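Remarks on the structure that follows.
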Amino acid sequence: MPEPVRTHEEGRLRPNLSEPPGCYNSTPMSTTPTAQQRQGVDPSKPGPSLPTPGAMDTNATDLGQLETLQILDDNGRVDPARDPGLDSEELLGLHRAMVLSRAFDARMLTMQRQGEMGTFAPNLGQEACMVGQVWELTRQDWFSPSYRSFGAQILRGWPMEQLFMLWAGYHCGFPPPEGVNDLPFSIVIGSHVLPAVGIAMAIRRRKERDVVVVNFGDGAMSQGAISEAFNFAAVDQAPAILVCENNGWAISTPSKYQFATDSLAVRGPGFGLPTIRVDGNDILAMIVAMREAITRGREGGGATFIEAMTYRMSLHTTADDPTVYREDAESEPWKKRDPINRFELYLKQKGLLSTEAAAEVRASCDAEVLEARERFRNMAQADPEGIFENLYVNMPPELERQREEYWKRLKRRGIGGQD
Amino acid sequence: MAQKTMVEALNLALDEAMAADDDVMIMGQDVGINGGVFRVTKGLFQRYGRDRVMDTPLAECGIIGTAVGMAIHGMKPVAEIQFSGFTMQAFDQIEQNMARLHNRTMGRFPMRVVLRTPFGGGIRAVEHHSESRETYWAHTPGLKVVIPSGPRNARALLAAAIDDPDPVIFYEPKAVYRAFREDVPEERETMPIGKAEVVRPGKDLTLISYGAMMRTCREAVEDLVDEFNIDVELIDLLTISPMDSETICESVGKTGRCLIVHEGHRTCGIASEIIARINESAFEYLEAPIRRLTGYDIPFPYFQTEQHFLPDADDIMTAARETMAWE
C-alpha cells in the first residue's frame, strides 16, 4: 500500500498521485462518485476503446487507459446497466433536437454557398454533444457556447432566425434573447470560459442553485486562459460545468500537435476537478455525464470537467478546405459513430421510431428551418445609424461628436434620416 | 474631516461601497488577510469575509475574466491588479470581454467592473512595476480610465467608479500612495467621471497633467508664479477617457499657450490626444506650439536612473518658460 502524500495544507491527506490513474476523480474537495463508480464499473479495467481523433498514432506518454463513458454502442445497442431510463417522449425529443440542429446546419451551408450567409463554423457530427449538454438545464441555468453550438443554442431558446441574423453579420443577432441566460459566444478561442466561471462564482456567492455550462474545443485547451478558468472554478468550488468537445481538429492542427497526452481528461484531476470522459456522439452518455455534473453543481459540490469525444465531420469554417490537411479515411470510422444514426438504430430497436417516422421528422425539421429563413429574410435589415449605441450606458460627448460626423457621412451616402 | 493618505482614502471608499451594497466585492492577489501589498484593502477581509474579499489564484487574466462573469450576473467586482505592469496578462479579457460585452449584447448585460491598479514610477521598484500605459486603455473603446492625484479625489473618484455603469480602469499613482495627507470629509463624497478640474485658474499658460505628475506640476507652478510672474492655469485631468475636451479647450482659448506633462511614453501618449483636440477645437486661439513633457519612448529604466526619465519641476519650469517666450 503506497504511503499517502501530505499536502502543504496541514493535516490534509490525499491519495498518492503516483498511483496509476484510473478513475479521474482524485479531488480533495469532493468525494462524489463518478458515473462509472455509481454504476458499478471498475475503472481500472479498460472501457470501450474510443481513439482520440487525430492522435491515434501518438507516441506520447502513456497515461493509462481512460474509461470513456459510453451507453449506446455503434450499432445502437444500449448498455442496460447505464441506461438513464428516459421516457419515450424525451427520447423522441432528443432525436428531433439533433435532427433540427443538422437541418439548420445544412441550410446554413447552402445559404453561405449562395452568398446569403457569412463565414460560419459547421456543426455536422457534433449534435449529440451539443444537445446533450443543455438538455437537462433549466431556464435559470446559464450556458456559454462556443461558436460551434447551433443545436444547443436552438434548444436554449435562441430563435433560428436570430442565429441566421447573427451569422449574416447583423449585430442584433448577438444579444441572447430575453429570458435566455446565455452568453453570446466570443470569437477569440477560449475567451468566454473565464466569464462563464465568473458567473458560477457569483451564483455560489448568491447561494443560488443554478449551474453554468460552458463549452469549448480541443484547440481551446491550449489557451492559458482555459487553465486559469479550470483553476478558478476548482478553487472557488463554483458550479461550472466545463465541457470540452474534443473533435480532433483545430482548423488543420490535429490533436497530436495540440497536446502530448492521449486525452484531455487527464488534466481535470490536476486541477482538483471531478472529471468525466464521455463518448460525445452518444446522446445517452452525454445525458448521464451532464446529470452527474449538474447534480454536483446544484448540491454545492463545485465544478466538473467533461471531455466529450467527437469528430468534426465537416469544415472548420466555410472558409476552410480540409482536403488540404486530412485524409478522408480518417473520418470513415466516425461515420459509423454518427450520433443521429446510432440513436435512430436504438429508437428503432426500441420500437419508438420507424424509417417513415424518421423521414417525417427530417421533413418537418427542414420545413421549420425554412420558415425561420423566411422570418430572417423579412427582418434582415442593417441599422447603420445605430453603430454607436450601447458601447457606454451614457454616450460620452466625444462619441456624440463622432456620431454626428458619421451621420453626416451616411447622409452624403444617401443613408438614414438622422439630422 | 480627517487627514488621510491616498491609501487610507481608497480604503475608505471601498469600505463605504461594500457596506452600502452587498453586490460590491473585491478580488485580487493578496487582497484578503494581507490587505493588499500596498494595504489598500486592509481590514476589509476581516469585515466582509472571504467571499467578498477574495484572494484569487495568481492569474491576472483569470481575475479580470471571472470579474466579467460576476458582473454579467449583476455583481460589482472591484478587481485589484497588483501592479499595472501585470495588467498585460489580463489584456485578453479586458479587450475581448470587459470592454465589449455591453456592446456585444446591445446592453443586455451590465459590466460594472472596476479594475484598480497602481501605476507610475518613483518608488525604486524592479522592472514591470513602474509603467504608465494608460494609453492602451484610453485607446480601447468601451472603457473609462480614471486617475486620481491626491487622497480626497482618490476617494471621491473610486466611489464614482464603483457607481458607474460602465467598466472603469482606475489607475492609482503609487508614488502618491503615502506621500502626503489631505483632509478627507467624513461623509461620502463622489466626483463626476469625465470631468477635469481647474486646480488653479490663470491667464498665461495652461498646464495639464494627472496622477503623480500633478504634485510635480504644483511645485513648478509655485515658482513660475512667484519667480517668473507667469500666471499658470493648472488642470488636473482626473479622467483620461472620456476626456474632458471642453475644460481643456476653454482654458487654451483663454491662455493661448499649453504644456502637457505625463509619465507615459510620448508616441500616441495622452498628450498627443490632447494636442489633437486643441488643434480641432481651439487652434485659432493658439499663440505658441503646444509643448509636451513626457516619458521617453523607451522601456521604463531600471531604478537607479528612473529619476532622469521622469520630468521634474525644473523641466516643467523650463518648458513653460520656453512656451511663454515663443512669439
Side-chain angles (χ1 to χ4, degrees), chain A residues 142 144 171-172 174-178 180-188 190-208 210 212 214 223-225 227-236 238 240 386-399 401, chain B residues 22-23 25 27 51-52 54-75 77 89 92-93 95-112 141-144 164-167 193-194 239 241-246 277 280-281:
Chain A
W142 290 77
S144 179
H171 192 166
C172 62
F174 261 83
E178 279 303 322
V180 176
N181 274 352
D182 287 15
L183 263 55
F185 59 77
S186 31
I187 297 291
V188 177
S191 65
H192 61 301
V193 184
L194 276 165
V197 169
I199 294 172
M201 287 161 65
I203 287 171
R204 186 180 70 67
R205 279 166 178 74
R206 292 183 155 182
K207 300 182 171 56
E208 295 161 347
D210 309 316
V212 182
V214 52
Q223 291 277 17
S227 289
E228 294 186 24
F230 276 44
N231 193 39
F232 273 68
V235 168
D236 202 68
I387 63 172
F388 281 73
E389 303 301 321
N390 291 312
L391 181 58
Y392 296 93
V393 171
N394 301 304
M395 193 177 292
E398 172 60 20
L399 269 193
R401 278 188 287 272
Chain B
D22 285 348
D23 284 333
M25 65 163 295
M27 52 197 299
D51 272 351
R52 290 189 66 198
M54 180 192 180
D55 276 320
T56 64
L58 206 163
E60 289 79 10
C61 184
I63 293 169
I64 301 305
T66 52
V68 163
M70 296 219 201
I72 289 169
H73 200 30
M75 295 190 78
Q89 259 49 41
D92 167 10
Q93 286 298 324
E95 163 66 28
Q96 315 304 349
N97 289 319
M98 184 175 161
R100 286 171 178 253
L101 245 162
H102 187 262
N103 180 252
R104 187 181 296 139
T105 62
M106 298 179 89
R108 163 83 194 273
F109 293 128
M111 195 41 58
R112 302 177 80 120
L143 300 176
K144 292 179 177 174
D164 200 274
D166 295 313
I193 288 176
T239 299
S241 178
M243 190 181 281
D244 182 359
S245 305
E246 282 71 17
R277 293 198 185 193
E280 284 163 0
S281 307

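Predicted model only: the values in this text are computed from it and were never measured. Convention: sequence-line order gives letters A, B, ...; per-chain numbering from 1.
Within the 4.5 angstrom heavy-atom criterion, no atom of Met111(B) approaches chain A. For Gln223(A), no part lies near chain B; criterion is any non-hydrogen pair under 4.5 Å. With a threshold of 4.5 angstrom between heavy atoms, Asp210(A) does not approach chain B through any atom at all. In this structure, chain A has a heavy atom under 4.5 Å from the side chain of Glu246(B), while its backbone stays farther away. Residue contact with chain A, scored on non-hydrogen atoms closer than 4.5 Å, involves the backbone and the side chain of Arg104(B) alike. Of the two parts of Asp51(B), the backbone and the side chain both hold a non-hydrogen atom closer than 4.5 Å to a non-hydrogen atom of chain A. The contact between Asp23(B) and chain A is made entirely by side chain atoms (from C-beta outward), counting heavy-atom distances below 4.5 Å. Looking at Ala99(B), the atoms closer than 4.5 Å to chain A (heavy atoms on both sides) all sit in the backbone: N, CA, C or O. Contacts of Arg100(B) with chain A are absent, with no heavy-atom separation under 4.5 Å from either backbone or side chain. Looking at Phe185(A), only its backbone comes within 4.5 Å of chain B, counting heavy atoms on both sides. Within the 4.5 angstrom heavy-atom criterion, only side-chain atoms of Met25(B), from C-beta onward, approach chain A.
For the pair Thr56(B)/Phe232(A), a side-chain contact is recorded, criterion being any heavy-atom separation below 4.5 Å from C-beta on. For the pair Gln96(B) and His192(A), the minimum side-chain heavy-atom distance is 4.5 Å or more. The shortest side-chain heavy-atom distance between Pro195(A) and Gln93(B) falls under the 4.5 Å cut-off. The shortest distance between side-chain heavy atoms of Pro176(A) and Arg108(B) falls below 4.5 Å.
From Arg206(A), atom CZ reaches atom CG of Asp22(B) across 9.5 Å, with rounding to the nearest 0.5 Å. Rounding to the nearest 0.5 Å gives a distance of 12.5 Å between CG of Leu101(B) and CG of Asn390(A). Annotation: the span from Met106(B) atom CE to Glu389(A) atom CD amounts to 8.5 Å, rounded to 0.5 Å. Separating the OG atom in Ser144(A) from the CD1 atom in Ile72(B) is a distance of 7.5 Å, to the nearest 0.5 Å. Interatomic distance, Met75(B) CE to Ile199(A) CD1, rounded to the nearest 0.5 Å: 12.5 Å. From Ser245(B), atom OG reaches atom CZ of Arg401(A) across 4.5 Å, with rounding to the nearest 0.5 Å.
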I'd like a table of donor-acceptor pairs (distance under 3.5 Å, sequence neighbours excluded) in which one partner is a side-chain atom from residues 59-67 of chain B, with atom names and distances.
unit_1: Glu60(B); atom_1: OE2; unit_2: Gln29(B); atom_2: NE2; d: 3.1
unit_1: Thr66(B); atom_1: OG1; unit_2: Gly62(B); atom_2: O; d: 2.7
unit_1: Thr66(B); atom_1: OG1; unit_2: Ile63(B); atom_2: O; d: 3.2

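Note on Ile187(A), Leu399(A), Asn231(A), Leu183(A): by heavy-atom pairs under 4.5 Å with chain B, the leading option is Leu183(A). With chain B as the partner, the residue from Ser191(A), Ala229(A), Ala238(A), Ala200(A) showing the most heavy-atom pairs under 4.5 Å is Ser191(A). In terms of heavy-atom pairs under 4.5 Å with chain B, the best-connected choice from Val188(A), Asn394(A), Asp236(A), Val197(A) is Val188(A). When each of Gly194(B), Pro77(B), Gly107(B) is scored by its heavy-atom pairs under 4.5 Å with chain A, the top score falls to Gly107(B). Top candidate by heavy-atom pairs under 4.5 Å with chain A, chosen from Gly142(B), Ser241(B), Pro110(B), is Gly142(B). The most heavy-atom pairs under 4.5 Å with chain A, out of Asp92(B), Asn97(B), Val68(B), come from Asn97(B).
Ring-plane geometry between His73(B) and Trp142(A) is classed as perpendicular, the angle between the planes exceeding 60 degrees on a 0 to 90 degree scale with a lower cut at 30.
Remark: Asp166(B) engages Tyr392(A), Val393(A), Lys144(B), Asp164(B) in a side-chain contact (heavy atoms from CB on, under 4.5 Å) (not counting sequence neighbours).
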Please test Arg205(A) against Met54(B) for side-chain contact (heavy atoms from CB on, under 4.5 Å), starting from the C-alpha separation and ending with a verdict.
CA-CA 11 Å; Arg205(A) 279 166 178 74; Met54(B) 180 192 180; 3.4 Å; yes
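Between Leu391(A) and His102(B), the closest heavy-atom pair is O-ND1, 3.5 Å.
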